[in-house]
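Source: prediction; values computed, not measured. Just so you know, these numbers use all the heavy atoms, side chains as well, and skip hydrogens, waters and symmetry mates. In what follows, chains carry the letters A, B, and so on, assigned in the order in which the sequence lines appear, proteins first and then strands, with residues in each chain numbered from 1.
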Amino acid sequence: MKKGLSGIIMQAIKTGQERGELADGPLPPLTLEYPKEARHGDYATNIAMVMASREQRPPREIAETILRWLKDEEEIIDRVEVAGPGFINFFLKEDYWRHFLSEADRQGERYGEGELGAGKRVLVEFLSANPTGPLHIGHGRIGVFGDALANILEKVGFEVEREYYVNDIGTQMELLGRSVYMRYLQECGKKVEFPADGYQGAYIREIARQIKEGEGDRYLPLPEGRVVDLLGQKASDVILRSIKDGLKRFRVSFDRWYREGDLYRRGLAPRILEELQGRGYIYELDGALWFKSTLFGDEKDRVVVRANGATTYFASDIAYHQDKYDRGYNLLIDIWGADHHGYIPRMEAAIQALGCDKSSFKVVLVQLVNLWRGGEQVSMSTRTGEFTSLQEVMDEVGVDACRYFFMLRRADSPLDFDLELAKKEGLENPVYYVQYGHARIASIFKKAAERGINVPTFSEVNASLLRLSEETGLIKRVAIFPELLEGMALSLEPHRLTSYLQDLAGLFHSYYNKHMVISGDKEMTKARLFLAKSIKAVLQSALGLLGIVAPEEM
RNA sequence: GCGCCUGUAGCUCAGAUGGAUAGAGCAACGGACUUCUAAUCCGUAGGUCGCAGGUUCGAAUCCUGCCAGGCGUGCCA
């Protein structure tokens, strides 16, 4: 419908040009915005002000000219005015907005679904935390972000798959194996010195203890290198299982767990390096193989095969991303912790060297979380084992509140998460505010049912009774939900959903306190019940996208 | 040193494509339950949008410089 209005405006400008009242030439892009204040209309455009400099006339005069040629054939406009420095404000016919209610009602749960992503396959890779320790709260933030973004992309028509890249080989794994091995030796009564760079968390001891308990000292006679491998494998399996369990509780799910080990067994890394070499992007220096990422804007070239013959993490990452393309995705979205930002230029370089379009690869950085407990910062190093795991935070704060809290912030804004505060906010947390809005409507419906009143559909209702400013405001919020979803999908900014939810819930709470939904007026009751139903559906849908429960009662 | 991110009310943070009087929650203060849930609502107070320039009809938003904090800057991942 926004399109319809812009069409009308563009047509008016063209007519003006044809009549010689406006200068010829390409038109500036038209922007239509929702004015913050109702008295500025339903839509406003600044087009006259943008055109002012080339027209050499005052914006208000240009606006008047445009209005003169405005043809509203479908009669959607009630009135138009020129305001302020030269805005054109459009006031639409009352039933314009109500039309969206019938759409919402007709589409039900599918309301808000769009064609934006139609036919496009997108792979969202996120979290991908190494299976060397429990997830911490920063992982939680990334998990929720990725999950919500994937949900939203799906909603607007993308074919989405969620993937977790499991880094199950290489240096970190070896270190994990050695750490467990040392603890194992200690469990067996040996006096050994624990490696300074090893994983010192209590969970390592626990894993070692279980191995000792279950399998005794059968690993003692084996050669160290072999045991380190075996125990590393065992430990990462245990840790990965607990990661999966934790994420399940956190309502974050994946379609695929992609193991770096599989990448190797299929020989994908050497193959892709060979191909890049064939294209002249690889050279040798100091015994190592380098990728010419500087050709694509990186600040230095990067090693892909070390002098000792081992391929780097970067090399497997190149192969991994090539494999993503090979699997037929049109768009790759990687969600990384902000501490990996230095990695972006080389990865973008690799994408281009592979011959892929740079715009088909997008990285979203999520800033890390600083955890506080009662004014004291909690250290979160996996290696030293000083952290509060995501599990503990979930237990303390609750999954709904935790997820909502994360989605309250922009991804690139650092987040201070104070456990005491989050718990204290348990009662005042905005998530309950929104959930309560949903529960309240459910409660109204219960009341209606007690009195034998059904919640009606659009066709059973005289929607023109909904003419209070609060009601129009609520209807508009329901109407822009699909646009909001598209905006979030395009900008990859799912956090906007929480602002929207609070806005919508707030308007409803206010409305609720001021006006009775169920009253002696039968027709009005039906109309308001219907409006409440629309709001409830949108609240439920939006909360669902965030992975948060929409309760029937609280 | 260089690069990226951040800086908005006492606190935590929103501010889509540059727009009209910069918003919300918490904290503070004062009110509203014989009516569908008071986990709510209504009101009051609270601002040099880090600082300084620039771009233009118009800047929290774009550009430059500076200040502060975080992160990165590996033949680690």
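Below the 3.5 angstrom threshold, one finds no donor paired with an acceptor across the side chain of A:His340 and the base of B:G72. No hydrogens or angles were tested; on distance alone, a donor-acceptor pair under 3.5 Å links the side chain of A:Arg39 to the base of B:U21. If you check distances only, the side chain of A:His341 does reach the base of B:C71 with a donor-acceptor pair under 3.5 Å.
Mapped onto RNA chain B by nearest heavy atom, A:Glu81 and A:Leu30 fall at different nucleotides, with A:Leu30 at the one closer to the 5' end. Between A:Arg346 and A:Asn46, the one whose closest nucleotide on RNA chain B sits nearer the 5' end is A:Asn46.
Residue A:Phe87 and nucleotide B:G19 are not classified as a stacked aromatic pair, given the requirement of ring centres less than 5.5 Å apart at an interplanar angle below 30°.
Of the side-chain N and O atoms in A:Lys36, none sit less than 4.0 angstrom from OP1 or OP2 of B:G23. For the OP1/OP2 pair of B:G25 and a distance below 4.0 Å, the side-chain nitrogens and oxygens of A:Ser499 include no atom meeting the criterion. Here A:Tyr34 does not reach the OP1 or OP2 of B:A16: none of its side-chain N or O atoms lies under 4.0 Å away. One finds no side-chain N or O of A:Ser491 lying less than 4.0 angstrom from the OP1 or OP2 phosphate oxygen of B:A16. Checking the phosphate oxygens (OP1, OP2) of B:U6, a side-chain nitrogen or oxygen of A:Arg410 falls inside 4.0 Å.
Here A:Phe158 pairs with nothing under the ring pair (Phe, Tyr, Trp, His ring centres under 6.0 Å) rule; sequence neighbours left out.
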Exercise for review: Step by step, work out the side chain to side chain donor-acceptor pair (under 3.5 Å) result for A:Gln172 and A:Asn130.
Suggested key: CA-CA 8 Å; A:Gln172 301 298 321; A:Asn130 291 347; 4.6 Å; no
Check your understanding: Can you check salt bridge (Lys or Arg N to Asp or Glu O under 4.0 Å) on A:Lys362 and A:Asp334, steps first, answer last?
Key -> CA-CA 6 Å; A:Lys362 289 184 176 165; A:Asp334 284 17; over 6 Å; no
Point to revise | A:Lys536/A:Glu552 under salt bridge (Lys or Arg N to Asp or Glu O under 4.0 Å): CA gap, chis, key distance, verdict | key: CA-CA 10 Å; A:Lys536 184 169 182 278; A:Glu552 291 292 307; 3.3 Å; yes
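In this structure, A:Arg141 forms no cation-pi arrangement with A:Phe406, as its terminal cationic atom is not both closer than 6.0 Å to the ring centre and no more than 45° off the ring axis.
Side-chain proximity of A:His495 to the nucleotides B:A14, B:A20, B:C71 is greatest for B:A14. Minimum atom distance to the side chain of A:Met516 is reached by B:U35, of the listed B:A77, B:U35, B:U73. Picking from B:C36, B:A20, B:U17 the nucleotide with the shortest atom distance to the side chain of A:Ala83 gives B:A20. For A:Gln502, taking side-chain heavy atoms from C-beta onward, the closest of the listed nucleotides B:G19, B:C5, B:A24 is B:A24. Nearest nucleotide to the A:Thr312 side chain, out of B:A77, B:C13, B:G15: B:A77. Between B:U17, B:C36, B:C75, one nucleotide has an atom nearer to the side chain of A:Glu33 than all others, and that is B:U17.
A gap of 22 Å separates the C1' atoms of B:A39 and B:U34, to the nearest Å. Going from the P atom of B:C13 to that of B:G7 covers 10 Å, rounded to whole Å. B:U40 and B:G25 have their P atoms separated by 10 Å, given to the nearest Å. For the P atom pair drawn from B:A20 and B:G1, the interatomic distance equals 39 Å after rounding to whole Å. For the P atoms, the distance linking B:A16 with B:A60 amounts to 12 Å, nearest Å. Separation of the P atoms belonging to B:G43 and B:C49 is 26 Å when rounded to the nearest angstrom. Across the P atoms, B:C42 and B:C33 are found 16 Å apart, a figure rounded to whole Å. Between the C1' atoms of B:G15 and B:G3, the separation comes to 28 Å (whole Å).
Under the 30°/60° scheme for interplanar angles, the aromatic rings of A:His515 and A:Tyr511 are found to be tilted. By the 30° and 60° cut-offs, the orientation of the rings of A:Phe291 relative to A:Phe314 is tilted. Ring geometry for A:Tyr43 against A:Tyr34 counts as tilted: the plane angle lies between 30° and 60°, on a 0 to 90° scale.
Across all strands, A:His515 comes closer than 4.0 Å to base atoms (heavy-atom distances). Residue contacts shown for A:Asp301 are absent, as no nucleic acid heavy atom lies under 4.0 Å away. Residue A:Ala439 is classed as a base contact, given a heavy-atom separation below 4.0 Å to a base. Within 4.0 Å of A:Ala44, counting heavy atoms only, lies at least one base atom of the nucleic acid. Using a 4.0 Å heavy-atom distance criterion, A:Asp503 is classed as making no nucleic acid contact. Residue A:Ala338 is in sugar-phosphate contact alone, with no base atom involved, counting any heavy-atom pair closer than 4.0 Å across all strands shown. At a threshold of 4.0 angstrom between heavy atoms, the contacts of A:Tyr512 include nucleobase atoms, whether or not backbone atoms are also involved. Within the nucleic acid shown, A:Gln435 has no heavy atom closer than 4.0 Å to any nucleic acid atom. Counting non-hydrogen atoms under 4.0 angstrom, A:Tyr343 reaches a base of the nucleic acid. If you check every strand for non-hydrogen atoms under 4.0 Å, A:Pro414 touches sugar and phosphate atoms only.
Using a 4.0 Å cut-off between charged nitrogen and carboxylate oxygen, A:Asp301 and A:Lys292 do not count as a salt-bridge pair. The existence of a salt bridge linking A:Glu64 and A:Arg57 is excluded, since no basic side-chain nitrogen approaches an acidic carboxylate oxygen closer than 4.0 Å.
The OH-C1' distance, from A:Tyr404 to B:A14, rounds to 11 Å in whole Å. In this structure, A:Phe405 places its CZ atom 16 Å from P of B:G25, rounding to the nearest Å. Going from atom CZ of A:Arg409 over to atom C1' of B:U8 covers 14 Å, rounded to whole Å. As a whole-Å value, the separation of A:Asp418 CG from B:U12 P is 10 Å. Between the CG atom of A:Asp298 and the P atom of B:G74 there is a distance of 11 Å, rounded to whole Å. Rounded to whole Å, the distance from CG on A:Asp412 to P on B:G3 is 19 Å. Going from atom CG of A:Leu368 over to atom P of B:U6 covers 14 Å, rounded to whole Å.
Note that OG of A:Ser316 and CG of A:Leu268 are 10.5 Å apart. Values are rounded to the nearest 0.5 Å.
In RNA chain B, stems built from 3 or more consecutive Watson-Crick or G-U wobble pairs, each with both distances under 3.5 Å, span B:1-7 with B:67-73, B:10-13 with B:23-26, B:28-32 with B:40-44, B:50-54 with B:62-66.
The ring of A:Phe145 has its center no closer than 6.0 angstrom to the ring center of A:Phe126. Checked against the 6.0 Å centroid criterion, the rings of A:His40 and A:Phe87 do not qualify as a close aromatic pair.
Heavy atoms from other residues, nucleotides or ligands lying under 6.0 Å from NZ of A:Lys514 number 12 at most.
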Exercise for review: If a protein heavy atom is under 4.0 Å from the base, mark B; if only from the sugar-phosphate, S; if neither, -; do that for nucleotides 41-46 of chain B going 5' to 3'.
Suggested key: SS----
